[in-house]
Amino acid sequence: MTGGLDLVGPTQPSPRSAQQKTMFITLAGILAVVGALAGGYYFAMRPVTLRIAVGPANSDDIKVVQALTQAFSHAHGQVRLRPMQTDGAAASAEALAEGKADLAIIRGDLDVPKNAQAVATLRKNVAVLWVPPAAKGKGRKAGSKITKIAQLSGRRVGVVGRTPANVNLLNVILQQYGVDPSEVDIVQFPVGESADAIRNLKADAYLAAGPVNSKITADAIAASTHDGGTPTFLAIDSAEAIAQNHPMYESSEIPAGAFGGSPGRPDEEVKTISFAHHIVARKALSESTVAAFTRQLFAIRQSVMAEFPLAAKIETPDTDKDAVIPVHPGAAAYVDGEEKTFLDRYSDFIWWGLMGLSAMGSAGAWFAGYLKKDERSNNSSLRERLLDMLGAARRSSSTEELDQMQTEADDILRDTLQCFEHGAIEEGALTAFNIALEQFHNAVADRKALLMSMPQNLQRANAALRAGGAL
């Protein structure tokens, strides 16, 4: 009767099954953690599509954004662009303010939305004021007499382009020189009609705003050249004062020969003011998204330049704290070389996630142990019953009683094995039970051998004696 010794032996399936179950649970937990991390990485790094407001139609800004959109798509980066065409920079700013766009191309000399933060400077524009030469044979000498901005009072000034922003720019210049804008006849010409208007001498002086190499401005100035005469460029000598009073403007210069021609136009450097077109982002846009956009923007700028040279004018934003348009933290991180990696951004979440999983595992283990408390308690009672039967077996006076106790011991064995399979008891408790069961079987075997060796009448006498003692 030594079968109890085999309960924890290597050939029995019960301990191995319990170990396999534990291994599978552990593996499932590891896979769950890995899956959660992989899912988090996917959602963090998946491509993001940003809506960018830009206008008007057929403008250089539209063309630049379209080129950037295609380049972003081909680069398969983290950010994609979806252009939203508007009526102009003011409408683009309004779309950003209302949350209809994530990015926008705006003019720095217009009202900047409160939720806008700078990402990049798309280009810088200069104000160009010039007077066409007098037309011979037509009695038009007024134009040739204008050599200073202060002389524009009472004159007609043509503004290239329909945007009100250029009229506001002219008013700022006039006011700086003491000219009341109401005393100037200001007329605006659509870009497509400006060259004909200038050739037909529709105004005494003209203003255009755009990049130094702007084709629109160059064509307008070329239209002013006739009868061998060249236009006179009006210098804005008070550019520094204007910049002090209006921080959105800067003092600048137009290089000699910037607008082509022979001789070059202008024939010498001309002082003026400039303003910028900015790429701005909503303040609420995440730092990592804006940093990724800025990184991609400057990474593909060189490739876009071959298709659209104006992309060469894209510059990093002003990161100074007193900048007119505050820089977005994501763009500042890229410019300052402090852009965060995936682990930098999410290390705290990963750490807290692992701590949370560990805490949940501990709580789950405690809860599972609590649910098995009754099963452990019941098995402990059965083990005590087995020890009681061990003493009873040594005093038994009949083989029938011993057989009944063995049957009960088999039931206790079955219950104990089930508890071990369910994890209610550990292998140490099973080993202790195995020792008790072995002692019980030995006691039963010894007692049966003793009873079998005794005469029948003596057995009956012992039984009667025990029965009498029980009474």
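Residues I186 and N171 form a side-chain contact, since some pair of their non-hydrogen atoms from C-beta on lies under 4.5 Å apart. Counting only heavy atoms from C-beta outward, the side chains of V54 and V64 never approach each other to under 4.5 Å. Between T225 and R265 the shortest side-chain heavy-atom distance falls below 4.5 Å. Put simply, the side chain of I173 reaches to within 4.5 Å of the side chain of L207, judged on heavy atoms. Residues I106 and I325 meet the side-chain proximity criterion, which asks for heavy atoms closer than 4.5 Å. Using a 4.5 Å cut-off on side-chain heavy atoms (C-beta onward), V187 and K202 make no contact. T416 is listed as a side-chain neighbour of L430, based on a closest heavy-atom distance under 4.5 Å. Using a 4.5 Å heavy-atom threshold, the side chains of L170 and N166 count as separate.
Among all heavy-atom pairs drawn from V157 and A203, the shortest one is C-CB, 4.1 Å. Closest heavy-atom contact between A101 and L96: O-CD1, 3.5 Å. The nearest pair of heavy atoms linking A120 to F298 is CB-CZ, 4.2 Å. Residue A205 comes nearest to P132 through the heavy atom pair CA-CD, 4.4 Å, listed as atom of the first residue, atom of the second, then distance. Closest approach of Y177 and A150 over heavy atoms only: O-CB, 4.4 Å. L110 and A89 make their closest contact through CD1-CB, 4.2 Å (heavy atoms, listed as atom of the first residue, atom of the second, distance).
Remark: N58 CG is loosely packed, at most 12 non-hydrogen atoms of other residues, nucleotides or ligands lying under 6.0 Å away. Around the NZ atom of K283, the shell of radius 6.0 Å holds no more than 12 heavy atoms that belong to other residues, nucleotides or ligands. The local environment of CG in D87 is sparse, with at most 12 non-hydrogen atoms from other residues, nucleotides or ligands closer than 6.0 Å. Heavy atoms from other residues, nucleotides or ligands lying under 6.0 Å from CG of N245 number more than 12. Within a 6.0 Å sphere centred on CD of Q244, other residues, nucleotides and ligands contribute 12 heavy atoms or fewer.
Taking the six-membered ring for Trp and thresholds of 30 and 60 degrees, F189 and Y206 have ring planes inclined between 30 and 60 degrees apart. Using cut-offs of 30° and 60° for the angle between ring planes, the F233 and W130 rings count as tilted.
In this structure, H246 NE2 and I273 CD1 are separated by 8.5 Å, a value rounded to the nearest 0.5 Å. Taking NZ of K148 as the reference point, atom CG of D237 lies at 9.0 Å (rounded to 0.5 Å). Note that OG of S303 and CD of Q70 are 11.0 Å apart. Values are rounded to the nearest 0.5 Å. The distance from atom CD1 of I105 to atom CD1 of I279, rounded to the nearest 0.5 Å, is 4.0 Å. Annotation: the span from E287 atom CD to H328 atom NE2 amounts to 7.5 Å, rounded to 0.5 Å. The line from CG of L152 to CG of D185 is 12.0 Å long, rounded to the nearest 0.5 Å.
Side chain of D204 to main chain of R156: a donor-acceptor pair is present (N/O by atom type, distance under 3.5 Å, no hydrogens or angles). Although no hydrogens or angles enter the test, the distance criterion places no donor-acceptor pair under 3.5 Å between the side chain of H277 and the main chain of D61. The main-chain N or O of V280 is never found under 3.5 Å from a side-chain atom of H278 such that the two would form a donor-acceptor pair. Looking only at distances, a side-chain donor or acceptor of Q296 sits under 3.5 Å from a matching main-chain atom of Q78. Using a distance-only test at 3.5 Å, with no hydrogens or angles considered, a donor-acceptor pair links the side chain of T69 to the main chain of V65. Remark: side-chain polar atoms of Q175 are not paired, donor with acceptor, to backbone N or O of P181 under 3.5 angstrom. Of the possible polar contacts, none joining the E183 side chain to the V179 backbone as a donor-acceptor pair under 3.5 Å is found. Between the side chain of D318 and the backbone N or O of D320 there is at least one donor-acceptor pair closer than 3.5 Å. Judged purely by atom type and a 3.5 angstrom limit, R123 has no side-chain atom pairing as donor or acceptor with the backbone of P211. Between the side chain of T217 and the main chain of N213, no donor-acceptor pair closer than 3.5 Å is present.
Salt bridge present: R51 and D102 bring a charged side-chain N and a carboxylate O closer than 4.0 Å. With salt bridges taken as basic N to acidic carboxylate O contacts below 4.0 Å, none links R162 and E193.
Taking the six-membered ring for Trp and the full ring otherwise, the centers of F293 and F72 sit less than 6.0 Å from each other.
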I would like to know whether D109 and N168 meet side chain to side chain contact (heavy atoms under 4.5 Å, CB included); could you show each step before the answer?
-> CA-CA 9 Å; D109 60 338; N168 295 336; over 6 Å; no

Yes or no on side chain to side chain contact (heavy atoms under 4.5 Å, CB included) for V131 and L234, after CA distance, side-chain angles and deciding distance?
-> CA-CA 8 Å; V131 177; L234 303 182; 4.0 Å; yes

Intermediate values then yes/no, side chain to side chain contact (heavy atoms under 4.5 Å, CB included), V184 and R155 | CA-CA 6 Å; V184 177; R155 305 282 186 159; 5.6 Å; no

Please lay out, stage by stage, how L285 and L50 fare under the test side chain to side chain contact (heavy atoms under 4.5 Å, CB included).
-> CA-CA 10 Å; L285 207 59; L50 299 180; 4.2 Å; yes

